[in-house]
Chemist: 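Have a look at this one.
Here the structure is a predicted model, which means the values were calculated and not measured.
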Amino acid sequence: MKWWQKTVVYELYPKSFQDTTGSGTGDIKGMIKRLGYLKSLGVGAIWLTPVCKSPMVDNGYDIEDYCAIDPSYGTMEDMDLLFAEAKKRNIRIVIDLVFNHTSDQNPWFLESKQSKDNPKADWYIWRDAKEDGSEPTNWRGIFGGSAWTWCEERQQYYLHTFAYQQPDLNWANPDVRKALYDAANFWVNKGAGGFRVDAIPYIKKPEVLKDGEPDGKDGMVSVHDMTVNTKGILDYLHEFKENVTEGHDIFTVGEANGVKASELHEWVGENGVFDMIFEFSHVNLEFKGIETWCKPDPWTIQDLKKALRNSQEATRDNGWYPVFFENHDKPRCTDHYFPEDADKGQCAKLMGTLLYTLRGTPFLYQGQELGYRNVKYDSIQKYNDISSYGQYDLALSEGLSEEEALKAVHRFSRDSARTPMQWNDQENAGFSTGIPWLPVHDDYKTMNVEAEEKDPSSVLVYYQQLAKLRADYAPFTKGDFEEILEEDENIFAYRRNTKDQSIFVLLNFSGKEVSYDCSLTENMQYIFGNDQPKTGVLKPYQACIYVKN
Ligand code: GLC
């Protein structure tokens, strides 16, 4: 097995992790200060969301310079020190490659927009207006509004899958691809342990860009549906692999929403382009698409089981599965999967058990290990996330009242995942001595690292114990996945078998006590869980792990 299959990856949101200067924004020195904490979680790799120079319109996913550190985070010397200090603790640093687009302040774009015949004229996707002067197509960007923005200077529109400050690069141009591979190799040479590759299914555009059937009252169609996984995309990615990652002991995980299980073998594994891809069906149970963001679909525990089962099956022979339930774009899992009145501590531990026992590499998201909850600011203005604004407006245009739209923001805003890290019960939770860029969650007095480290029954200690078990028992990493009780409406149960040992995991996703066939745990030893085990019965949200030698 490769090192990255055996370890735990921690996704760190730099802006909110630890501020050491009083600026209100986290920084690289803060990461170095907290490496010991990450080590105590059994983490072997830290995926940093982008730390490159950026105007921060989308918190770093709008890159101005791929080979410079944003001054708000520190310097390249700080970054080199982070690599070195992490290495001492056997922790690798994973870089986020944002290659579908750059910032509109990137010198490449500043040059490209000047004229139709400058040397970088076709580094981005430029099109003339329709005859009536309107946008070249009726595509809606992922953050809402048209995916096209008019450029006065050049007298043309440019395409942006996300915000207008994030113009899409033209991957059809070999010079663009070379410049991106050079940027990635800059980080390989720094010693990166891997790459998370952002928004990758959008890099290739269709030959002809044309209007699509409108899917909303705004007369537009989601750009996702018009450009995702365009035929030929894999040729580019094979080229990326050959030029960047091949021959290095690093891993790649692509953010590849929309790759079907039947196509997976082309994307991951030996003949694929990445080691893993993030697939979103289990975190998007409530979404049919971006346009229905404000009208969530109801879902059942069976639906969740099905999504998890499918991804386990799909990666049995193809590549490897990156297990995740939270990231910087998603709400907190304690609120996402469980009702308001549930015991959220138990739910957090249940999700931790699932995260560490499914077959694959656990990707733990900052704050998840403390049992974080969503934030519910009382007005849209208090939110920072650019996509929450667009989606709030979309909700209003779909006929929701302001109150209903705000409720949807409470449920789905990406800011819930971005509130500052809660280190202690002091001012600003020990995150910063200045004014935090995003308000600290008001539960920090009790939910913080210092308090949870001292409490043997805390979510944090539970996560530390899980990491230790994962390292101690081979089936956690090496075992295959065999689902039991497939038809059960409340319990998700599975075995992870190796030749010599297996673990058996029982998870009650419902808020009621449920029973199961006692013989299932016969001759097995209970090793861990979030409550006292009782054969044949699971309390609400109870998680149990048994072992059989
Ligand atoms: C990805 C990132 C998200 C970002 C978007 C545009 O989905 O995870 O945070 O806004 O790409 O780069």
Side-chain angles (χ1 to χ4, degrees), residues 281-283 285 298-313 315-316 321 323 325 333-334 336-360 362 371 457 459 462-463 465-466 469-470 472-549:
S281 51
H282 63 297
V283 287
L285 291 171
W299 58 276
T300 64
I301 296 167
Q302 279 284 17
D303 296 332
L304 175 62
K305 285 172 62 167
K306 185 167 169 225
L308 295 172
R309 174 185 313 136
N310 287 349
S311 49
Q312 288 288 303
E313 275 165 14
T315 47
R316 187 183 7 238
Y321 184 56
V323 195
F325 297 99
C333 65
T334 44
H336 188 201
Y337 293 110
F338 306 97
E340 199 52 40
D341 60 355
D343 177 338
K344 299 292 173 134
Q346 286 300 81
C347 297
K349 292 175 182 172
L350 176 81
M351 292 309 291
T353 317
L354 180 64
L355 180 67
Y356 281 61
T357 56
L358 282 174
R359 182 172 176 273
S457 67
V459 175
Y462 191 86
Y463 264 94
Q465 290 166 330
L466 273 171
L469 284 177
R470 201 168 177 274
D472 288 349
Y473 289 87
F476 277 77
T477 45
K478 294 195 179 132
D480 62 11
F481 172 85
E482 179 201 358
E483 190 178 354
I484 322 284
L485 304 177
E486 244 183 68
E487 302 303 318
D488 197 287
E489 285 172 9
N490 304 300
I491 304 176
F492 188 37
Y494 45 92
R495 294 197 189 100
R496 302 281 319 281
N497 314 299
T498 62
K499 213 159 53 31
D500 311 314
Q501 198 177 45
S502 63
I503 58 163
F504 179 46
V505 184
L506 276 163
L507 306 168
N508 177 10
F509 270 85
S510 78
K512 50 188 185 216
E513 190 167 286
V514 291
S515 54
Y516 65 90
D517 176 359
C518 297
S519 67
L520 282 172
T521 50
E522 228 167 52
N523 300 324
M524 288 191 181
Q525 187 199 342
Y526 174 81
I527 51 168
F528 195 61
N530 60 0
D531 213 326
Q532 284 308 312
K534 193 169 153 201
T535 310
V537 178
L538 290 171
K539 290 191 199 143
Y541 311 113
Q542 185 164 6
C544 294
I545 308 177
Y546 291 83
V547 68
K548 188 176 181 194
N549 289 310

Chemist: Can you list everything that forms a salt bridge (charged side-chain N to carboxylate O under 4.0 Å, His left out) with E513? Sequence neighbours excluded, please.
Modeler: none

Chemist: Does CD in E489 sit with more than 12 non-hydrogen atoms of other residues, nucleotides or ligands closer than 6.0 Å?
Modeler: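 Not buried by this count: 12 neighbours or fewer within 6.0 Å.
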
Chemist: For T315, does its backbone N or O pair with a side-chain atom of R359 as donor and acceptor, under 3.5 Å?
Modeler: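 Side chain of R359 to backbone of T315: a pair is present.
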
Chemist: Measure the CG-CD distance between D488 and Q302 for me, rounded to the nearest 0.5 Å.
Modeler: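 That separation rounds to 7.5 Å.
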
Chemist: Kindly write out the residues that satisfy salt bridge (charged side-chain N to carboxylate O under 4.0 Å, His left out) with D472, not counting sequence neighbours, or none if the list is empty.
Modeler: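 Counting only residues at least two positions away or on another chain, D472 forms a salt bridge (charged side-chain N to carboxylate O under 4.0 Å, His left out) with K468.
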
Chemist: Quick check for you: to the nearest 0.5 Å, what is the distance between L538 atom CG and L507 atom CG?
Modeler: 8.5 Å

Chemist: Below 4.5 Å, heavy atoms only, C-beta onward: do R496 and K478 meet side chain to side chain?
Modeler: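 When only atoms from C-beta onward are counted, K478 and R496 do not touch, as no gap falls below 4.5 Å.
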
Chemist: Taking the side chain as every heavy atom from C-beta outward, state whether L485 and L520 have any pair of such atoms under 4.5 Å apart.
Modeler: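 Yes, their side chains come closer than 4.5 Å.
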
Chemist: If you apply the rule side chain to side chain contact (heavy atoms under 4.5 Å, CB included), what do you find for K512 with N490, and how did you get there?
Modeler: CA-CA 9 Å; K512 50 188 185 216; N490 304 300; 3.8 Å; yes

Chemist: State yes or no: are the ring centers of Y462 and F528 separated by less than 6.0 Å?
Modeler: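 Ring centroids of Y462 and F528 are less than 6.0 Å from each other.
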
Chemist: Counting distance only, does the side-chain N/O of T300 pair as donor-acceptor with the main-chain N or O of D303 below 3.5 Å?
Modeler: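 Side chain of T300 to backbone of D303, a donor-acceptor pair under 3.5 Å: yes, one is there.
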
Chemist: Roughly how far, to the nearest 0.5 Å, is the CG atom of N508 from the CG atom of L350?
Modeler: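 It comes to 7.5 Å.
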
Chemist: Using side chain to side chain contact (heavy atoms under 4.5 Å, CB included), reason through K305 and I301 one step at a time and then give a plain yes or no.
Modeler: CA-CA 6 Å; K305 285 172 62 167; I301 296 167; 4.2 Å; yes

Chemist: Can you name the nearest heavy-atom pair linking T334 to G371, along with the distance?
Modeler: CG2-O, 4.1 Å

Chemist: Taking it one step at a time, do S281 and N310 satisfy side chain to side chain contact (heavy atoms under 4.5 Å, CB included)?
Modeler: CA-CA 9 Å; S281 51; N310 287 349; over 6 Å; no

Chemist: What are the two closest heavy atoms between K344 and E340, and how far apart are they?
Modeler: CE-O, 3.8 Å

Chemist: In terms of side-chain heavy atoms, does Q542 have a donor or acceptor partner in D531 at a distance below 3.5 Å?
Modeler: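 Side-chain D/A pair, Q542 to D531: absent.
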
Chemist: What residues, two or more places apart in sequence or in another chain, satisfy ring-ring contact (aromatic ring centres under 6.0 Å, His included) together with Y473?
Modeler: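 Not a single residue meets the ring-ring contact (aromatic ring centres under 6.0 Å, His included) criterion with Y473.
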
Chemist: With sequence neighbours left out, write down each residue that passes ring-ring contact (aromatic ring centres under 6.0 Å, His included) with F325, or none if nothing qualifies.
Modeler: H282

Chemist: So, do Y546 and P533 sit near enough that their side-chain heavy atoms are less than 4.5 Å apart?
Modeler: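 In contact.
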
Chemist: Does the side chain of Y337 come within less than 4.5 Å of C347's, by heavy atoms?
Modeler: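 Side-chain contact under 4.5 Å: no.
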
Chemist: Going through the distances and angles, do N497 and D480 end up as a side-chain hydrogen bond (donor to acceptor under 3.5 Å, both in side chains)?
Modeler: CA-CA 5 Å; N497 314 299; D480 62 11; 3.0 Å; yes

Chemist: Measure the shortest side-chain to side-chain distance between I545 and F476 over non-hydrogen atoms and say whether it is less than 4.5 angstrom.
Modeler: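 Sidechains of F476 and I545: in contact.
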
Chemist: Can you measure from NZ (K548) to OG (S502) and round to the nearest 0.5 angstrom?
Modeler: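 Between atom NZ of K548 and atom OG of S502 there are 6.5 Å.
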
Chemist: To the nearest 0.5 Å, what is the distance between CD1 (I527) and SG (C544)?
Modeler: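 Here the interatomic distance stands at 11.0 Å.
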
Chemist: Name all residues meeting the ring-ring contact (aromatic ring centres under 6.0 Å, His included) criterion together with Y463; count only those two or more places apart in sequence or in a different chain, and write none if there are none.
Modeler: Y356

Chemist: What heavy-atom pair brings T353 and A543 nearest, and what distance separates the two atoms?
Modeler: OG1-CB, 3.5 Å

Chemist: Can you tell me which residue among L466, L355, T357 is in a side chain to side chain contact (heavy atoms under 4.5 Å, CB included) with P362?
Modeler: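 The residue from L466, L355, T357 that satisfies side chain to side chain contact (heavy atoms under 4.5 Å, CB included) with P362 turns out to be L355.
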
Chemist: Not counting sequence neighbours, which residues clear ring-ring contact (aromatic ring centres under 6.0 Å, His included) with Y494? List them please.
Modeler: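 Only F481, F492 meet the ring-ring contact (aromatic ring centres under 6.0 Å, His included) criterion with Y494.
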
Chemist: For the residue pair V459 and G345, what are the closest heavy atoms and their distance?
Modeler: CG2-O, 4.0 Å

Chemist: Determine yes or no for a side-chain-to-main-chain donor-acceptor pair under 3.5 angstrom, with Q346 supplying the side chain and N530 the backbone.
Modeler: yes

Chemist: Are any of the side-chain heavy atoms of L308 and L358 separated by less than 4.5 Å?
Modeler: yes

Chemist: How about Q312 and Y321: do any of their side-chain heavy atoms sit closer than 4.5 Å?
Modeler: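 Sidechains of Y321 and Q312: in contact.
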
Chemist: In Å, rounded to the nearest 0.5 Å, how long is the span from CE of M351 to NE2 of H336?
Modeler: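 Rounded to the nearest 0.5 Å, the CE-NE2 separation comes out at 9.5 Å.
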
Chemist: Start with the C-alpha gap between Y541 and F509, add the side-chain angles, then the distance that decides, and say whether ring pair (Phe, Tyr, Trp, His ring centres under 6.0 Å) holds.
Modeler: CA-CA 5 Å; Y541 311 113; F509 270 85; 8.3 Å; no

Chemist: Apply side-chain hydrogen bond (donor to acceptor under 3.5 Å, both in side chains) to the pair D517 and S519, showing each step before the final yes or no.
Modeler: CA-CA 6 Å; D517 176 359; S519 67; 2.9 Å; yes

Chemist: With heavy-atom distances below 4.5 Å as the criterion, would you say the side chains of R495 and M524 are in contact?
Modeler: yes

Chemist: Please evaluate residues L304 and W299 with respect to the criterion side chain to side chain contact (heavy atoms under 4.5 Å, CB included), reporting the C-alpha separation (whole Å), side-chain torsions for both, the decisive distance (0.1 Å), and the verdict.
Modeler: CA-CA 8 Å; L304 175 62; W299 58 276; 4.1 Å; yes

